[in-house]
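Residue numbers start from 1 in every chain, and the chains themselves are labelled A, B, ... in the order their sequence lines are given, proteins ahead of strands.
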There are 2 protein chains.
Amino acid sequence: MTDQRRSGCPINLTLEVVGDKWSLLVIRDMMFGNRRHFRELLTKSEEGISSNILADRLKTLREQGIISWADDPSHKQKGIYSLTAQGIELLPVLAQMSGWGFKYLPVSEELGIRAKLLSEGGPKMWAEFMDELREIHLGVKRRKKAGPSVGERLQAAYERVMARKKG
Amino acid sequence: MTDQRRSGCPINLTLEVVGDKWSLLVIRDMMFGNRRHFRELLTKSEEGISSNILADRLKTLREQGIISWADDPSHKQKGIYSLTAQGIELLPVLAQMSGWGFKYLPVSEELGIRAKLLSEGGPKMWAEFMDELREIHLGVKRRKKAGPSVGERLQAAYERVMARKKG
DNA sequence: CAAACTGATTGCATTTAGCAACTGGTTGTA
DNA sequence: TACAACCAGTTGCTAAATGCAATCAGTTTG
């Protein structure tokens, strides 16, 4: 990962940071699956990332200021990865990619339901979800809204589809 | 490019199609720079793509239904690449990436001005620009709006910055 | 007719991705 | 206190993608 940039174009620079097949999936799992430890990210992802790639991406994402790392006081070996403010603001990028994929690619039903809700919810829902992420990852307190959070609603919808498919 | 998918997640599927360092740059140049021929894409890009990579990406993007190809009647060897409806709808993805890059990465002034305007314009401006792209690439007629188009405004802003920088 | 231009392709070296096994340490349980 | 399971990675190796420079055959321009 040398520092030479191909151009000063914002799209190019963004691609140089997260334009590979894994970085955004790691961020997705931290955002939507609340995976915060190395092992969680390694074993609970749909796609099966290998440990050296995961270690490399976590390192790079830290260097880029997209995630941060802290000791887990409950376990001497565990660390907790968190999204930074900058990382949280990748949500609209993921939401748009998710919406496009849902519309044009062979998305599975259980994994598509979140995309559908997020796409229908639009920028207003994204802003609310980013607020929730700031609370979870940065400890920023926010006024509790009535009813379930966006994160909870997405998770509940996923589980509803899974339950119906199994039963 | 084998067809095996890592998962049915919409974000993952989108990444498998355009999640590399070049595909989205080719689409960017077609959208914002109106590059339609192989040579234009090859020589007029900021980043300097090599010809074998460009040929491979154009092939893949055609196979994925993101761009299409047609003979150029003015020249027996020339072909014209166009964005499909599906390709045009990648604009919001590019716009979000562009906005994020503009906010957090060392974007050059002349290449950042489009990102700034597009970000400020929001979904409404993106919809208008997609309408313009549908006219240019798909031949879909639309009612002419008053004043310069989004594409023209972006280009004019870019040229204004360049003129000022040169003196 | 020659030079420049067209959309690529080929060969080769470098870089990145990916798999499987392994390391050194910690924690929970019997 | 022995021991399995768990923790965050690292190492060695192979496969695939990337990138550069040269080349190609047909087309258009002067």
Side-chain angles (χ1 to χ4, degrees), chain A residues 1-7 12 15-27 29-30 34-64 67-82, chain B residues 1-7 12 15-26 29-30 33-64 67-82:
Chain A
M1 188 73 63
T2 50
D3 239 32
Q4 50 197 8
R5 297 185 185 101
R6 298 182 299 185
S7 84
N12 174 59
L15 285 170
E16 299 209 17
V17 176
V18 295
D20 67 276
K21 293 255 190 293
W22 289 110
S23 295
L24 287 176
L25 295 183
V26 170
I27 295 165
D29 285 347
M30 291 182 72
N34 200 35
R35 310 280 149 71
R36 307 293 292 277
H37 304 291
F38 190 94
R39 281 290 142 173
E40 283 181 321
L41 288 162
L42 184 67
T43 59
K44 292 182 186 172
S45 93
E46 288 285 329
E47 293 84 12
I49 192 170
S50 53
S51 59
N52 54 345
I53 305 284
L54 176 59
D56 179 78
R57 290 306 178 282
L58 289 170
K59 182 166 167 279
T60 305
L61 290 171
R62 279 179 69 183
E63 287 167 358
Q64 296 290 341
I67 63 175
S68 65
W69 184 91
D71 264 332
D72 184 336
S74 77
H75 190 302
K76 279 187 186 168
Q77 270 184 319
K78 272 189 182 172
I80 302 179
Y81 289 98
S82 298
Chain B
M1 188 75 60
T2 51
D3 238 33
Q4 51 196 7
R5 295 183 187 101
R6 297 183 299 184
S7 84
N12 174 58
L15 285 170
E16 300 209 15
V17 176
V18 294
D20 69 278
K21 293 253 189 292
W22 289 110
S23 296
L24 287 176
L25 294 183
V26 170
D29 285 347
M30 293 182 72
N34 202 34
R35 310 280 148 71
R36 308 292 293 276
H37 304 291
F38 189 94
R39 282 287 146 172
E40 283 181 320
L41 289 163
L42 185 65
T43 59
K44 293 182 187 172
S45 93
E46 288 285 330
E47 293 83 11
I49 192 169
S50 53
S51 60
N52 54 346
I53 304 283
L54 177 58
D56 178 78
R57 290 306 178 282
L58 288 171
K59 182 166 169 278
T60 305
L61 290 171
R62 278 179 70 182
E63 287 167 0
Q64 296 289 341
I67 63 175
S68 65
W69 184 91
D71 265 332
D72 183 337
S74 77
H75 189 301
K76 279 186 183 167
Q77 269 184 317
K78 271 189 183 173
I80 302 180
Y81 290 97
S82 299

> Is it true that Glu16(A) and Arg5(A) make a salt bridge, defined as a side-chain N closer than 4.0 Å to a carboxylate O?
Replying inline: no
> Is it true that Arg57(A) and Asp20(A) make a salt bridge, defined as a side-chain N closer than 4.0 Å to a carboxylate O?
Replying inline: yes
> Checking His37(A) side chain against Tyr81(A) main chain: does a donor-acceptor pair fall under 3.5 Å?
Replying inline: no
> When you measure from the side chain of Asn12(A) to the backbone N and O of Ser7(A), does any donor-acceptor pair fall under 3.5 Å?
Replying inline: yes
>> Using heavy-atom distances to pick each residue's nearest nucleotide on DNA chain C, tell me which of Lys21(A) and Ser74(A) is more 5'.
In response: Lys21(A)
>> Both His75(A) and Ile49(A) contact DNA chain C. Taking the nearest nucleotide for each, which residue is further toward the 5' end?
In response: Ile49(A)
d([atom1], [X]; [atom2], [N]) in whole Å:
{"X": "Arg36(B)", "N": "dG7(C)", "atom1": "CZ", "atom2": "P", "value": "13 Å"}
{"X": "Glu47(B)", "N": "dG19(D)", "atom1": "CD", "atom2": "C1'", "value": "15 Å"}
{"X": "Asp56(A)", "N": "dC19(C)", "atom1": "CG", "atom2": "P", "value": "15 Å"}
{"X": "Asp72(A)", "N": "dG9(D)", "atom1": "CG", "atom2": "P", "value": "13 Å"}
{"X": "Asp71(A)", "N": "dT26(C)", "atom1": "CG", "atom2": "P", "value": "13 Å"}
{"X": "Ile53(A)", "N": "dT11(D)", "atom1": "CD1", "atom2": "P", "value": "15 Å"}
{"X": "Phe38(A)", "N": "dT23(C)", "atom1": "CZ", "atom2": "C1'", "value": "13 Å"}
{"X": "Arg35(A)", "N": "dA8(D)", "atom1": "CZ", "atom2": "P", "value": "14 Å"}

> Which heavy atom in Lys44(B) sits nearest to a heavy atom in Arg35(B), and how many Å separate them?
Replying inline: O-NH1, 2.7 Å
> Does the base of dG7(C) carry an N or O that pairs as donor and acceptor with the side chain of Gln77(B) under 3.5 Å?
Replying inline: no
> Is a donor-acceptor contact shorter than 3.5 angstrom present between the side chain of Ser50(B) and the base of dT18(D)?
Replying inline: no
Measure from the side chain of [X], starting at C-beta and using heavy atoms only, and say which of [options] lies closest.
{"X": "Asp20(B)", "options": "dT18(D), dA8(D), dA21(C)", "answer": "dT18(D)"}
{"X": "Trp22(A)", "options": "dA17(C), dG19(D), dG9(D)", "answer": "dA17(C)"}
{"X": "Lys76(B)", "options": "dT27(D), dT9(C), dA8(D)", "answer": "dT27(D)"}

>> Just N and O in the side chain of Trp69(A): are any of them under 4.0 Å from OP1 or OP2 of dA8(D)?
In response: no
> Within the pair Arg57(A) and dA17(C), is there a side-chain N or O less than 4.0 Å away from OP1 or OP2?
Replying inline: yes
> Hey, which of these two, Asn52(A) or Lys78(A), hits DNA chain D nearer its 5' end, going by closest nucleotide?
Replying inline: Lys78(A)
